[in-house]
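Just so you know, these numbers come straight off a predicted model, no measurement behind them. Within every chain, numbering begins at 1; the chains are lettered A, B, ... in the order of the sequence lines, protein sequences first and strands thereafter.
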Amino acid sequence: MKIFDGLNDKQIEAVKAIDGPVLILAGAGSGKTKTLTHRIAHLLSQGVSPENILAVTFTNKAAEEMKTRVQKLLGLNITNLFIGTFHSLGAKILREEIECLGYKKTFVIYDEDDSFSLAKDILSEMNLSRDRFKPGPFLNLISKIKSELADSGSLGADDFYKKQLASFYNIYNRRLKSANAVDFDDLIMLPVKIYESRPEILKKYQEQYKYILVDEYQDTNRAQYVLINLLARKNKNIFAIGDPDQAIYGWRHADFRNILNFEKDYPEAKVVKLEQNYRSSQNILSAAHEIISKNVERKEKTLWTENPAGAMLEVIEANNERAEAEFILEKILDLNKTGMNLDKIVVMYRTNAQSRVIEEACLYANLPYRVVGAVKFYQRKEIKDVLAYLRFIQNQDDEISLKRITGILGKRLLQSFMADFSAKGGPASGWKKQTEGLSPKELIKSVIKKTNYYGYLEKKFTDFSPDGELESESRIKNIKELIGLASMHDNLSGFLTEVALMQQERDTDNSKKLNLMTIHSAKGLEFDAVFIAGAEENLMPHSRAAYSLEELEEERRLCYVGMTRAKKYLWLLFAKQRFLWGERKETIPSRFIMELPQHLVNFRSLADGYNLPEIELE
DNA sequence: ACACTGTGAGTTTTT
DNA sequence: CTCACAGTGT
């Protein structure tokens with residue numbers, strides 16, 4: 001049977017355990033996605049209906065990949081099978097049930113930028129000092145409350161700041177509701193609220209989703225955990241897969257104790273460890289294990305591989321971040337010459353700011369590169385502008401979109417827009433009437449024409465700046481891309497939901513380029529050669545994480561995630577000095593460098609007149 | 001309504 | 001250093 005071809009014994013065990021709770025502890029490179037997709041295929045082949053299966057992931061990319069692989073396995077396209085992100089699941093539930101909470105079905109989803117604008121408005125209306133009360137920290141606390149399913153009471157009220165925070169929390173939620181809008185955290189929290197207050201609704205969903213699969217279980221927050229476990233409570237067919245050693249989203253309120261406690265939640269659970277690694281060389285794996293085993297709060301799991309020992313790890317000391325970048329480029333050119341394609345190579349770093357010097361080195365060497373996760377398509381001004389009109393058409397309570405439209409049109413034009421929009425009467429007048437029943441694609445075209453948006457862009461960007469023409473052209477190109485995406489939808493609400501939940505840039509260009517990304521964005525990926533730049537104290541581990549053991553251990557997991565991306569070659573680099581915030585600073589090599597087993601590492605210093613002994617490699 | 005200028009803050013970021 | 005933003009000046 002094709003479904004079990006190419007799977008090892010443990011993977012087969014995981015795929016076959018259909019009934020009851022199953023926990024899979026899947027180490028890095030152990031075939032996690034393969035196991036998940038083969039399990040879905042197996043469920044279907046055993047006669048489980050596709051509509052009874054729910055598979056949840058964290059990213060659209062992971063969901064897409066899973067869909068494609070299931071399709072390929074079965075050789076046919078399965079509809080009615082839910083494979084999607086937590087947030088798209090939440091959006092689906094809310095689209096069906098939100099009316100019982102007093103929202104309208106036409107609700108819109110506010111992304112982080114929208115929430116930020118709303119928060120700024122509220123703070124300025126509250127007349128608070130701008131220095132002490134910033135939208136960022138306030139929103140972060142609100143997100144924490146929502147993702148922990150707590151309430152504003154947990155904020156306390158013993159000082160002025162906390163009182164203001166609690167009051168902000170209430171105003172923020174009230175404003176969202178009156179705008180008939182939900183934020184990202186609401187997409188999880190509100191379905192939980194519905195399920196907890198309306199057992200008959202919960203029952204309906206429990207009966208539908210008889211088989212539940214959750215990817216990256218270690219990254220679930222409290223609300224996601226509760227949502228999934230409510231759904232699974234009736235049939236108990238929950239399949240959770242993940243790796244506590246790769247939990248790196250604690251700062252986003254993920255709680256990896258959810259995966260550690262799975263066996264307490266389900267004492268009858270079947271637990272399978274996937275410990276054979278198919279990705280990395282023995283040396284890379286051993287070194288990574290040495291790092292991760294220093295964590296205290298951890299379940300022991302030892303990856304093994306049949307792969308050869310491979311090359312030693314390379315630890316490089318450079319004089320400064322420039323020398324570091326130059327060395328990396330030199331090595332990449334070598335690898336490229338020996339036949340390794342650029343897309344098989346990655347340069348990883350802890351903070352986005354570090355990409356700059358690497359980019360400069362790439363430009364100088366004329367090497368094509370892509371910075372992953374840097375530009376977000378849907379955050380672009382022109383895209384948000386056009387979408388603001390569409391969102392307003394769908395939901396006239398949306399104050400943030402209306403504010404945005406006001407910003408574009410100015411007060412006077414806005415009046416005529418509103419008059420025209422809501423005008424009643426014959427088919428010739430009233431924009432609202434005219435746009436009724438148009439497809440998303442037609443709507444965008446109509447918006448652009450009606451508001452002369454291209455004219456606005458040209459005026460705004462051509463008159464003053466020297467590159468204005470190019471600028472407005474590229475913005476128009478982006479809108480054309482949005483139109484392309486819209487043409488795949490026939491329903492406005494569906495289109496807007498997808499766009500709101502599609503935060504990352506869509507990868508349209510698949511030419512072979514060097515990858516630059518943060519370690520966080522590299523999770524789930526693999527490369528032949530990996531360069532980790534800036535392995536220094538205060539950067540990795542980050543200075544803000546150095547004060548608590550928990551945060552430090554998350555930094556160590558991050559380092560582990562970075563290292564285990566490598567198949568064949570792994571370089572770790574640090575600079576003696578780094579230019580940071582306009583200041584050149586002396587640095588200390590990362591403690592993680594010190595923790596590497598010496599017999600697996602070649603150390604080389606490119607620094608002037610510098611002798612090793614100060615650095616002890618265990 | 002827009003350009004200039006000083007100030008201040010600056011991890012990570014799946015959705 | 002670099003970006004965002006509030007305040008000022010035209």
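- A/Ala232 is linked by a side chain to side chain contact (heavy atoms under 4.5 Å, CB included) to A/Ile212, A/Ile238, A/Tyr266, counting only residues two or more places apart in sequence or in another chain.
- Across A/Lys384, A/Gln394, A/Arg391, a single residue satisfies side chain to side chain donor-acceptor pair (under 3.5 Å) together with A/Ser401, and that is A/Arg391.
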Protein-nucleic acid N or O pairs under 3.5 Å, nucleotides 5-10 of chain B:
| unit_1 | atom_1 | unit_2 | atom_2 | d |
| --- | --- | --- | --- | --- |
| B/dG10 | N3 | A/Trp581 | NE1 | 3.4 |

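- Nucleotides of DNA chain B nearest to A/Asn60 and A/His520 differ in position, and the one nearer the 5' end is that of A/His520.
- Distance CG (A/Asp113) to C1' (B/dT15): 13 Å, rounded to an integer number of Å.
- Here A/Glu555 lies in heavy-atom contact (under 4.0 Å) with a base.
- Side-chain N/O atoms of A/Arg252 and base N/O atoms of B/dT15 include a donor-acceptor pair closer than 3.5 Å.
- Side chains of A/Thr351 and A/Gln354: a donor on one and an acceptor on the other come within 3.5 Å.
- The separation between A/His253 atom NE2 and B/dT15 atom P is 17 Å, rounded to whole Å.
- Note on A/Ser88: nothing from the nucleic acid sits closer than 4.0 angstrom, heavy atoms only.
- Atom C1' of nucleotide B/dT15 and atom CG of A/Asp183 are separated by 11 Å, given to the nearest angstrom.
- In this structure, A/Phe58 has its ring center at least 6.0 angstrom away from the ring center of A/His87.
- One atom, CE of A/Met517, and another, P of B/dT14, lie 12 Å apart when rounded to the nearest Å.
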Legend entry - Evaluation steps, salt bridge (Lys or Arg N to Asp or Glu O under 4.0 Å), between A/Arg356 and A/Glu360: CA-CA 6 Å; A/Arg356 204 190 162 100; A/Glu360 279 165 6; 3.6 Å; yes

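- Under the rule for a salt bridge (Lys or Arg N to Asp or Glu O under 4.0 Å), the partners of A/Lys105 that lie at least two apart in sequence or sit in another chain are A/Glu99.
- Taking atom CG of A/Leu139 as the reference point, atom C1' of B/dT15 lies 15 Å away to the nearest angstrom.
- Backbone-only engagement by A/Arg356 is indicated by non-hydrogen atom pairs under 4.0 Å involving sugar-phosphate atoms exclusively.
- Listed by chain and residue number, A/Phe116, A/Pro135 satisfy the side chain to side chain contact (heavy atoms under 4.5 Å, CB included) test with A/Lys120 (two or more places apart in sequence, or in another chain).
- Regarding contacts with the backbone of B/dT14, every side-chain N or O of A/Thr57 stays at 4.0 angstrom or more from both OP1 and OP2.
- Minimum atom distance to the side chain of A/Glu551 is reached by B/dT11, of the listed B/dT13, B/dT11, B/dT15.
- Counting non-hydrogen atoms under 4.0 angstrom, A/Glu112 reaches a base of the nucleic acid.
- Toward the 5' end of DNA chain B, the nearer of the two residues A/Arg350 and A/Leu501, judged by each one's closest nucleotide, is A/Arg350.
- Checking the phosphate oxygens (OP1, OP2) of B/dT11, no side-chain nitrogen or oxygen of A/Ser543 falls inside 4.0 Å.
- Taking the side chain of A/Tyr249 as heavy atoms from C-beta on, and the options B/dT11, B/dT15, B/dT14, the nearest nucleotide is B/dT14.
- Here A/His87 does not pack flat against the base of B/dT15, since the 5.5 angstrom centre distance and 30 degree tilt limits are not both met.
- Atom pair A/Glu65:CD and B/dT14:C1' shows a separation of 14 Å (rounding to whole Å applied).
- Remark: A/Lys34 pairs with no residue by the salt bridge (Lys or Arg N to Asp or Glu O under 4.0 Å) rule, at least two apart or across chains.
- Look at A/Trp251 and the base of B/dT12; the rings stack, centres closer than 5.5 Å and planes less than 30° apart.
- Running 5' to 3' along DNA chain C, contacts with non-hydrogen atoms of chain A at under 4.0 Å begin and end at C/dC1 to C/dG7.
- Here B/dT14 presents its C1' atom at 12 Å from CD of A/Gln218, a figure rounded to the nearest Å.
- Here the side chain of A/Gln224 pairs no donor or acceptor atom with the backbone of A/Ile188 at under 3.5 angstrom.
- Of the residues listed (A/Arg544, A/Arg350, A/His542), the one engaging A/Glu555 in a side chain to side chain donor-acceptor pair (under 3.5 Å) is A/Arg350, and it is the only one.
- A distance below 6.0 Å separates the ring centres of A/Tyr456 and A/Tyr453.
- Under 4.0 angstrom from either OP1 or OP2 of B/dT12 there lies at least one side-chain N or O belonging to A/Asn352.
- Distance A/Glu537 CD to B/dT11 C1': 15 Å, rounded to the nearest Å.
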